[in-house]
Structure formats: structure tokens, C-alpha cells
Amino acid sequence: MNPVSEEFFHQSTIDLAKALLGCILVNETNEGITSGYIVETESYMGPYDRAAHSYNNRRTKRTEIMFGKAGLAYTYTMHTHCLINVVSAGIDEPHAVLIRALEPYTGVDLMTKRRPVDKIKNLTNGPGKLTKAMGITMEDYGRPLFEPPLYITPGIIPEEIMEGKRIGIDNTGEARDYPWRFWIKDNLFVSR
DNA sequence: ACTGCGATTTGC
DNA sequence: CAAATCGCAGTT
């Protein structure tokens, strides 16, 4: 399957977060190819979203890539984990979509080798888990997600999309209640 | 639900 | 330097 076009990323951050559901995230590394269906995402709208790193257009070395064009990867380290976001919106609009969970597709052997688990369900059902299973690191910061080695391809069309409050952002005032988390209904690999 | 772990970034 | 952080795993 070929990557999506760069134009795919040219839609509003909310629309992009929904459009990514059912798409396949692929990573080609020296160890082999892994991929998985995206089943859960969250939108972060920097300028007016207290929960975003780029809130109030805060521009630092870390957030710099979000001010760039849509379709780039924004990776960052959180505790001991690496998390991956898709940069959204236009130049100088620091929006992003966090990829929170995947359903493993190809390269499951390699993923379980990188991240041993007792049940497959626990392999990629969280943002820090899926990056480790797929071998995504800070090396991928700023990579375009519409060409190899790390890219998105069309997958399936979700039957029904659910939406709700985001996770892990409790101390951020009103922003915590914004319904900017999206997931595929009844999918086993959604994080919670 | 509640802990401990833990490292990078950021602001004081 | 100290505080904060878009998690995870293991235990009540």
C-alpha cells in the first residue's frame, strides 16, 4: 500500500484526528517492517489549548516542529517513553494529533520481540507502548509521514467513531473537558 | 484507585 | 536549581 498524499493532512485538526482512525501507520527499519491500524487519537490545538505543549504559541526547541507544515512527525519524550504526534494545520499554527493506540497489523513478531507482553491486547494500547513496539524514537522527530520509512497509508473506514474527553491532562483548567479524543467504537486496542 | 519509577524540558 | 510532564506496570 502506498503512503497517503501530503494533501491528506490539509484539513482541520479535528477532521484529521477522525480521518486518521482506520489508517495504517507503517515503520520500515533495519530490523523489519511493522504496521498497525490507528484506533485512537487526540487533537491538540496549541494557541487556545492549555493542555498542548504549544499553548499560547509557546515556541521552543521542542515545539518548533509544530509550527511547521502539516504531515510531519512530532515526537517527544515523556518520562521514559517516546510519544508520536502528527503535525496539523498550517505554517505557524502549532496544532497536532496524538496517536494513542494501534491495532497490530504486520510484523507482530518483531513488535513482541521489542516489547514482550503476555497478551497481544497490551502490545500497542497506549501512546508509549506503540512507539516502543514499532521502534519509533526521537530519531523520527520532524520526519514527513507521507513517505518512507515512517508513513501512513489508507486502511479501513471505521464503522462508528466515538468521541470524549482526553486522557492524562487533569490539571489544565477548562481544556481538560474538551471532547477532542476520538476512537473506533468497540475496538479492543483502545487504551481505556 | 493508588503507588513508584524516571528523564527530558522548561521556567524560576 | 526545582517543578512539571499528553505513561506504564504493578499492587491494593
Side-chain angles (χ1 to χ4, degrees), chain A residues 9 12-14 16-18 20-21 25 34 36 38-68 70-89 93-104 111-143 145 150 152 162-184 187-192:
Chain A
F9 299 97
S12 79
T13 304
I14 295 285
L16 181 61
K18 293 180 186 171
L20 284 169
L21 295 173
L25 179 66
T34 52
I38 297 170
V39 299
E40 183 179 356
T41 58
E42 283 181 2
S43 296
Y44 287 88
M45 268 74 102
Y48 41 89
D49 180 359
R50 273 242 303 132
H53 292 155
S54 52
Y55 174 60
N56 204 17
N57 290 308
R58 185 170 54 175
R59 186 168 191 153
T60 65
K61 193 174 179 182
R62 182 172 65 157
T63 63
E64 178 66 30
I65 201 69
M66 279 195 279
F67 291 83
L72 302 181
Y74 168 44
T75 54
Y76 68 90
T77 338
M78 164 67 178
H79 291 65
T80 56
H81 312 284
C82 179
L83 276 61
I84 183 168
N85 297 247
V86 180
V87 174
S88 171
E93 292 180 283
H95 295 208
V97 177
L98 171 66
I99 297 176
R100 281 199 58 87
L102 296 179
E103 175 176 334
M111 285 195 266
T112 51
K113 181 181 153 199
R114 285 179 178 139
R115 192 172 181 289
V117 287
D118 48 355
K119 294 174 185 166
I120 294 296
K121 178 182 183 304
N122 295 321
L123 185 57
T124 53
N125 64 338
K129 299 180 187 180
L130 70 90
T131 52
K132 183 165 186 193
M134 295 209 41
I136 294 168
T137 68
M138 288 306 292
E139 296 283 303
D140 297 304
Y141 183 90
R143 282 213 171 128
L145 293 168
L150 177 63
I152 288 164
M162 304 292 286
E163 64 179 55
K165 288 193 279 192
R166 293 175 294 179
I167 288 174
I169 54 168
D170 281 346
N171 293 319
T172 49
E174 294 197 352
R176 56 175 283 173
D177 295 324
Y178 297 164
W180 289 347
R181 170 174 171 249
F182 306 96
W183 67 95
I184 297 178
N187 188 282
L188 285 177
F189 294 87
V190 172
S191 62
R192 60 170 89 160

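The basis for the numbers below is simple: all heavy atoms, side chains too, and nothing from hydrogens, waters or symmetry mates. Convention: sequence-line order gives letters A, B, ...; per-chain numbering from 1. Nothing here was measured: the structure is a model prediction, and the numbers come from that model.
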_Does A/R100 reach a base, just sugar-phosphate, or nothing at all? Heavy atoms under 4.0 Å._
sugar-phosphate

*Are OP1 or OP2 of B/dT10 and a side-chain N or O of A/T60 less than 4.0 angstrom apart?*
yes

*Is A/I169 touching bases, backbone alone, or none of the nucleic acid, heavy atoms closer than 4.0 Å?*
sugar-phosphate

*May I ask you to verify if any side-chain N or O of A/K61 is less than 4.0 angstrom from the OP1 or OP2 atom of B/dT8?*
no

*Any idea which of C/dC6, C/dC8, B/dT8 is nearest the A/T77 side chain?*
B/dT8

*Taking NZ, NE, NH1 and NH2 as the nitrogens, is one of them in A/E40 or A/R181 under 4.0 Å from a carboxylate oxygen of the other?*
yes

*asked:* With a 4.0 Å limit, can you tell me whether A/R62 has a side-chain N or O closer than that to the phosphate oxygens OP1/OP2 of B/dT10?
replied: yes

*Do the side-chain N or O atoms of A/H53 get closer than 4.0 angstrom to the phosphate oxygens (OP1, OP2) of B/dT9?*
no

*Counting only Watson-Crick or G-U wobble pairs whose two distances fall under 3.5 Å, which nucleotide matches C/dC1?*
B/dG11

*Does the side chain of A/R58 get closer than 4.0 angstrom to OP1 or OP2 of B/dT9 through an N or O atom?*
no

*Just checking, any donor-acceptor pair under 3.5 angstrom between side chains of A/H53 and A/Y44?*
no

*Do any side-chain nitrogens or oxygens of A/R50 fall under 4.0 Å of OP1 or OP2 in C/dC6?*
no

_SB check A/E42 A/R166 (cutoff 4.0 Å)_ = no

*State which of B/dG6, C/dC6, C/dC8 makes the closest approach to the side chain of A/P127.*
C/dC8

*asked:* Taking the nucleotide of DNA chain B with the nearest heavy atom to each, does A/M138 or A/T80 sit closer to the 5' end?
replied: A/T80

*asked:* Both distances below 3.5 Å, Watson-Crick or wobble geometry, any strand: find the nucleotide opposite B/dG6.
replied: none

*Just by distance, with hydrogens left out, do A/S88 and A/H95 show a side-chain donor and acceptor under 3.5 Å apart?*
no

